[in-house]
Amino acid sequence: MKRLNALRAACVALTLASAATACSKAESQQNQPANPGTTQPGSSAEQSRGSQPGAAKADCSNLPSADDLKKWLRSTPSESEAGGLMSGKMEWATVVNRRGEICATAVATDDPTSAWPGSQSISKAKAYTANAFSTDDTPLSTARLYTLTQPGHSLWGVAQPNPFNPECVVSPNDADKTKGKICGGAIPFGGGVPLYRNQTRVGGLGVSGDTACADHEIAKRIRHAAGLDPSKGQFADDITFSSVDGPSQFSHPLCANTWRNGKKLGDEAKASGY
């Protein structure tokens with residue numbers, strides 16, 4: 001019995017000693033100054049961890065269908081004035097998944113050839129671009145790429161490594177035949193926005209068929225209607241203009257008849273001297 005009691009006492013002493021050592025170590029670490037290189041928001045360590053709150057599938061199963069896109073292409077222009085040449089009523093839209101594969105393509109009009117045929121391919125490239133240059137934590141609309149990609153700026157030439165796949169240039173009536181393909185492309189003007197679910201980037205949406213500014217307005221409205229906004233809200237990567245928002249590396253030029261969130265901001269500069 002004495003031997004058993006002695007063994008128990010030894011075990012208790014060992015446990016207490018281990019606990020004291022752990023507490024001392026934790027207290028020592030707590031008293032050490034924080035290293036901003038690994039703790040501050042945006043640090044390399046934080047970014048490499050990726051999204052923590054939740055995960056989402058990388059395929060097309062939880063993304064809008066072609067029918068969804070057509071419905072929103074027709075309904076969102078009536079929410080408020082979108083500006084542009086046609087108030088955003090003649091748009092193409094494409095959704096890609098997290099891998100950049102096309103999930104759906106649609107056009108607002110009954111006759112696909114009545115909208116700009118060239119905008120079918122542009123919507124696909126915008127969707128790819130928005131997904132390709134955004135992360136789980138940092139949404140980057142194609143509108144915010146404009147200044148960065150101009151000559152003399154840090155992302156000049158970004159389109160060269162991401163050429164558009166010529167096999168994705170198809171008839172307007174065959175637009176959905178590119179489903180499942182990675183069409184690529186890098187478009188540095190308004191109309192493309194990344195899509196999010198559970199604070200995870202799940203793909204990109206591209207809208208084209210009007211001015212770049214109107215395209216952006218319709219794209220962000222569709223994203224919001226689909227419930228796929230970034231965690232920081234529907235305006236986290238909104239289009240910005242230096243004439244109203246001040247100088248920024250994310251500025252986009254004004255377009256013809258530029259409206260943002262129901263307010264007219266101005267017009268593209270008129271050409272002269274030709």
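- For K124 and N165, the side-chain atoms include no donor-acceptor pair closer than 3.5 Å.
- A donor-acceptor pair is defined here as one N or O able to donate and one able to accept, closer than 3.5 Å; such a pair exists between the side chain of W92 and the backbone of W116.
- Counting non-hydrogen atoms of neighbouring residues, nucleotides and ligands closer than 6.0 angstrom, the NZ atom of K264 exceeds 12 such neighbours.
- Checked for salt-bridge contact, D174 and K177 meet the test: a charged N lies under 4.0 Å from a carboxylate O.
- Atom NZ of K89 sits in a sparse spot, with 12 or fewer heavy atoms from other residues, nucleotides or ligands closer than 6.0 Å.
- No hydrogens or angles considered: a donor-acceptor pair under 3.5 Å links the side chains of R201 and N131.
- Across L63 and V96, no two heavy atoms sit closer than the pair CD1-O, 3.7 Å.
- Of the possible donor and acceptor atoms, none in the side chain of D210 sits under 3.5 Å from a partner among the backbone N and O of D215.
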* To do: Quick one: do C213 and L254 satisfy side-chain contact (heavy atoms from CB on, under 4.5 Å)? Show the steps, please.
  => CA-CA 7 Å; C213 303; L254 290 170; 5.8 Å; no
* To do: Quick one: do T109 and S114 satisfy side-chain contact (heavy atoms from CB on, under 4.5 Å)? Show the steps, please.
  => CA-CA 7 Å; T109 57; S114 62; 3.2 Å; yes
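- Side-chain atoms of N97 do not come within 3.5 Å of backbone N or O of G203 as any donor-acceptor pair.
- Under the 3.5 Å distance criterion, with hydrogens and angles disregarded, no donor-acceptor pair is assigned to the side chains of T94 and K126.
- One hydrophobic cluster, built from ILVMFWY side chains closer than 4.5 Å, holds both I222 and V202.
- Put simply, the residue from R221, K263, E217 that forms a side-chain hydrogen bond (donor to acceptor under 3.5 Å, both in side chains) with S80 is R221.
- More than 12 heavy atoms of other residues, nucleotides or ligands sit less than 6.0 Å from atom CZ of F133.
- There is no path of hydrophobic side-chain contacts, each under 4.5 Å, that joins V207 to I187.
- Of the possible donor and acceptor atoms, one in the side chain of S119 sits under 3.5 Å from a partner among the backbone N and O of G209.
- Between the side chain of S75 and the backbone N or O of K71, at least one donor-acceptor pair lies under 3.5 Å.
- For R260 and D245, the salt-bridge test passes: some basic side-chain N is under 4.0 Å from an acidic carboxylate O.
- Note on L205: it clusters hydrophobically with L73, by side-chain heavy-atom contacts below 4.5 Å among ILVMFWY residues.
- The backbone N or O of S134 sits nowhere less than 3.5 Å from a side-chain atom of T138 that would complete a donor-acceptor pair.
- Under the 3.5 Å distance criterion, the side-chain polar atoms of R197 are left unmatched by any main-chain donor or acceptor of L228.
- By the 30° and 60° cut-offs, the orientation of the rings of Y146 relative to H252 is tilted.
- Between the side chains of T200 and N198, no donor-acceptor pair of N or O atoms lies under 3.5 Å.
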* **Test side-chain contact (heavy atoms from CB on, under 4.5 Å) applied to T178 and I102, step by step** => CA-CA 7 Å; T178 56; I102 290 182; 3.7 Å; yes
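- The backbone N or O of L145 sits less than 3.5 Å from a side-chain atom of T149, completing a donor-acceptor pair.
- Under the 4.0 Å criterion applied to side-chain N and carboxylate O atoms, R74 and D110 are assigned as salt-bridge partners.
- If you check the side chains of T135 and D137, you find no donor sitting under 3.5 Å from an acceptor.
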* Asked: Does the pair S243 and L265 meet the rule for a side-chain contact (heavy atoms from CB on, under 4.5 Å), with working shown?
  -> CA-CA 9 Å; S243 58; L265 300 184; over 6 Å; no
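- Side-chain atoms of S123 come within 3.5 Å of backbone atoms of Q120 as a donor-acceptor pair (strictly under, hydrogens ignored).
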* To do: Let me see the working for D67 and S65 under side chain to side chain donor-acceptor pair (under 3.5 Å), right down to the final yes or no.
  => CA-CA 5 Å; D67 289 341; S65 65; 5.0 Å; no
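- In this structure, the side chain of T105 does not engage the main chain of D176 through any donor-acceptor pair within 3.5 Å.
- A cation-pi contact links R144 to F250, judged by a cut-off of 6.0 Å to the six-membered ring centre and 45° from its axis.
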